[in-house]
Amino acid sequence: MTSPSSAIASLRKSYERAELNEEASHANPLDQFAHWLQEAIQGELPEPNAMTVATVGSDLRPSTRVVLIKGYDERGIVWYTNYDSRKGRELAGNPYAALQFHWVELERVVRIEGVMEKVSPAESDEYFHSRPLDSRIGAWASPQSQVIAGRSVLVANAAKHAAQFLLQPPRPPHWGGYRLRPEQWEFWQGRKSRLHDRLRYRQDQGMWLRERLAP
Ligand SMILES: Cc1cc2nc3c(=O)[nH]c(=O)nc-3n(C[C@H](O)[C@H](O)[C@H](O)COP(=O)(O)O)c2cc1C
C-alpha cells in the first residue's frame, strides 16, 4: 500500500510552458513585473493579486501571510493592513521584508526583497474610502492578530461600529498601507528537467544589474 507521505513524495510536475531569458526580459524589473502581473490577470488566474509577505520579529523569527497587492509604481509595491497586527508590529521593529507571488498556472514566481514603509495618510485615506462598506466597518471591527473570545466578538464589534459611524466610517488610525521599496527582485520561470530560469535584478551604482542564478 502506498503511504500518504510517499504519495506526496511522488507528486511531480514538469514545467514546460514558457522560458525567461536575458534577451526577452525587460531591463527594468518593474517593467518585467508589470508584464508578468498583466499576463496573470489576463490569464484569469485565481487571485493573481495575492502575494506572500514575510516579516521578521524582534526574536529574529520569520513569519509569512498572504495579502493583496493594491498598487505599484517606480517607488514600490503597495498593500494594506492593520498596523497593530503581528506583521505591523514586526515591521515597526524591523522594516526589512520580502514579498512573493506564485502564479501556479504560469509556472512563475516573483520574489521581491527590500524595505517596507508606510504610505502617506492621504494615500491610505483614498484607498480606504474606495473599499466596500462592510470592509471599512471590518477594519474597525477586527483587532487583527489578537486573541478573541469567539466569532460573536467580531459580529458585535461590526454592529457597534456601523451604528457609531452611521455607516460612514473614517479610516481607523491603526489601518493603512505599506510600500515595499525593492532592493532586489527575482523572476523564476519553471523549465523542463528542473533546469529552471532565474533572473535576479539588484541595484549596482544606481542601475539595475540583471544576473542569472542557477536553479
Ligand atoms: C487571498 C488572501 C488575501 C488576503 N489579503 C489581506 C490583505 O490585503 N491585508 C491583510 O491584512 N490581510 C489579508 N489576508 C489575511 C492575511 O493572510 C492574515 O491572515 C492577516 O493579515 C493576519 O496576519 P498577521 O497575524 O500575520 O499579521 C488575506 C488572506 C488571503 C488568503
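No hydrogens, no waters, no symmetry mates; every other heavy atom, side chains included, goes into these values. Just follow the structure's listing: the first ligand is 1, and inside any ligand the first atom is 1.
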Kindly say whether the aromatic ring centers of Phe187 and Trp36 come within a distance under 6.0 Å.
-> yes
Check the side chains of Thr81 and Lys87 for a donor-acceptor pair under 3.5 angstrom, ignoring hydrogens and angles.
-> yes
Mutual orientation of the aromatic rings belonging to Phe33 and Phe101 [parallel < 30°, tilted 30-60°, perpendicular > 60°] = tilted
Any residue meeting side chain to side chain contact (heavy atoms under 4.5 Å, CB included) with Arg181, in chain and number order, not counting sequence neighbours = Arg75, Glu117
Could you list each nitrogen or oxygen of ligand 1 that sits under 3.5 Å from a protein nitrogen or oxygen, with the atom names and the distance?
residue	atom	partner	partner atom	Å
ligand 1	8 (O)	Leu68	N	3.1
ligand 1	9 (N)	Tyr80	O	2.9
ligand 1	11 (O)	Thr81	OG1	2.6
ligand 1	11 (O)	Gln144	NE2	3.3
ligand 1	14 (N)	Val66	O	3.1
ligand 1	17 (O)	Val66	N	3.3
ligand 1	17 (O)	Val66	O	2.6
ligand 1	21 (O)	Lys87	NZ	2.7
ligand 1	21 (O)	Gln144	NE2	3.1
ligand 1	23 (O)	Lys87	NZ	3.4
ligand 1	25 (O)	Ser145	OG	2.6
ligand 1	26 (O)	Arg65	NE	2.8
ligand 1	26 (O)	Arg65	NH2	3.0
ligand 1	27 (O)	Ser85	OG	3.4
ligand 1	27 (O)	Arg86	N	3.3
ligand 1	27 (O)	Lys87	N	3.1
ligand 1	27 (O)	Lys87	NZ	3.0
ligand 1	27 (O)	Ser145	OG	3.3

Are side-chain heavy atoms of Trp188 and Tyr15 found at a separation under 4.5 Å?
-> yes
Less than 4.5 Å apart, any side-chain heavy atom of Met51 and any of Ile77?
-> yes
